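Worksheet: one structure, shown below.
These values consider heavy atoms only, across backbone and side chains, with no hydrogens, waters or symmetry-generated copies. Quantities reported herein were computed from a predicted structural model and do not represent experimental measurements.
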Amino acid sequence: RKEEGKLFELIERALEERVTSFKNLIISISEEMSGIEHYFSELWEYFGEDFIDLPKIFYLDTEGMPEGLIAPYLVFAKELSEAHEGRGFNIFDESWDVFDKCPEIIKTRAKTARKKLIGNIFLTQEIVELSEGYGDVAKAVIGNTYGKIYFNQPDLNHPILSNFEKERIS
């Protein structure tokens, strides 16, 4: 708890000093919390000094991303969506991949997105990819999805599909 308070103070101080990048923030913090920079060593190459205009639509593709960066990336995208006063929109390509790597983050986002006015699109090739092994995550995504778009599915007898959906796909 004491370390969390110290970290919070160091972040506040760095922001007051106008630290302009995440990498410089970590370097600034490491002056008083020696070793904290090692938590980010595999990720340094992904942090730049560029300023970007924040879009309202985020295409979230985790392919090729180090596994240790995926969860923070998803949390960052969530915070950006909320920074747009709930008018952000997230597109998760190959959603089975984020289901697999960050199930609790996806489950929470699926359940809370509507009340925060954030749109999520979860893309995958086949509906079975959403159900096989993902249990609660798939239920949260499917159960909290206002609209669904299905392309031709090889398995129309899948229990996730309602009779209405099966009729429309065939």
Side-chain angles (χ1 to χ4, degrees), residues 1-125 129-130 133-142 144-146:
R1 187 104 176 121
K2 180 180 170 186
E3 290 295 307
E4 288 175 16
K6 182 177 180 179
L7 179 60
F8 181 75
E9 287 175 13
L10 293 173
I11 291 170
E12 272 192 332
R13 186 180 324 148
L15 293 175
E16 287 170 3
E17 294 170 1
R18 303 259 183 223
V19 170
T20 59
S21 71
F22 184 75
K23 193 171 189 174
N24 288 337
L25 173 67
I26 298 304
I27 291 168
S28 173
I29 292 170
S30 71
E31 291 171 5
E32 292 193 42
M33 291 185 82
S34 180
I36 195 168
E37 69 277 7
H38 300 298
Y39 287 102
F40 303 94
S41 60
E42 74 174 294
L43 310 175
W44 281 135
E45 67 183 279
Y46 296 95
F47 301 125
E49 301 291 326
D50 299 336
F51 287 91
I52 58 169
D53 290 324
L54 299 178
K56 289 190 177 188
I57 297 176
F58 304 99
Y59 177 80
L60 306 168
D61 185 0
T62 59
E63 188 174 336
M65 188 179 284
E67 206 161 310
L69 187 57
I70 294 172
Y73 173 65
L74 295 176
V75 170
F76 177 70
K78 173 190 170 287
E79 294 299 321
L80 288 178
S81 295
E82 290 179 11
H84 285 298
E85 298 169 356
R87 293 191 171 44
F89 198 77
N90 304 297
I91 302 171
F92 297 86
D93 199 359
E94 301 299 342
S95 56
W96 58 269
D97 191 36
V98 291
F99 285 13
D100 192 39
K101 294 176 180 163
C102 304
E104 287 305 311
I105 292 172
I106 297 300
K107 181 177 159 185
T108 301
R109 289 189 72 175
K111 288 183 167 188
T112 61
R114 284 187 298 174
K115 76 176 171 187
K116 295 185 179 192
L117 300 174
I118 296 171
N120 291 317
I121 294 180
F122 296 93
L123 304 172
T124 191
Q125 296 296 317
E129 291 177 349
L130 294 179
Y134 299 115
D136 290 345
V137 180
K139 286 178 190 171
V141 168
I142 292 165
N144 290 285
T145 300
Y146 178 73

Handout entry: Min side-chain heavy-atom separation Ser30-Ile36 under 4.5 Å
Key = yes
Problem - Spacing of Glu94 atom CD and Leu123 atom CG [to the nearest 0.5 Å] - result: 8.0 Å
Problem - Under the side-chain contact (heavy atoms from CB on, under 4.5 Å) test, residues paired with Ala140 that sit two or more places apart - result: Lys107, Ala110, Lys111, Asn144
Problem - Separation between CG of Leu25 and CD of Glu17, rounded to the nearest 0.5 Å - result: 10.5 Å
Problem - Neighbour count above 12 (heavy atom, 6.0 Å) for Lys139 NZ - result: no
Completion exercise
Those residues at least two apart in sequence (or on a different chain) that pass salt bridge (Lys or Arg N to Asp or Glu O under 4.0 Å) with Lys23 are none
Problem - Side-chain touch Phe99/Val141, heavy atoms, less than 4.5 angstrom - result: yes
Handout entry: Ile26 vs Tyr39 side-chain heavy atoms within contact, under 4.5 Å
Key = no
Completion exercise
Ser28 and Ala14 have their tightest heavy-atom pair at OG-CB, 3.9 Å
Handout entry: Salt bridge flag under 4.0 Å for residues Glu31 and Arg13
Key = no
Handout entry: Interatomic spacing from CD1 in Ile70 to OG1 in Thr62 - rounded to 0.5 Å
Key = 4.5 Å
Problem - Sub-4.5 Å side-chain heavy-atom contact between Asn120 and Ile106 - result: no
Problem - Thr108 side chain vs Glu104 backbone, donor-acceptor pair below 3.5 Å - result: yes
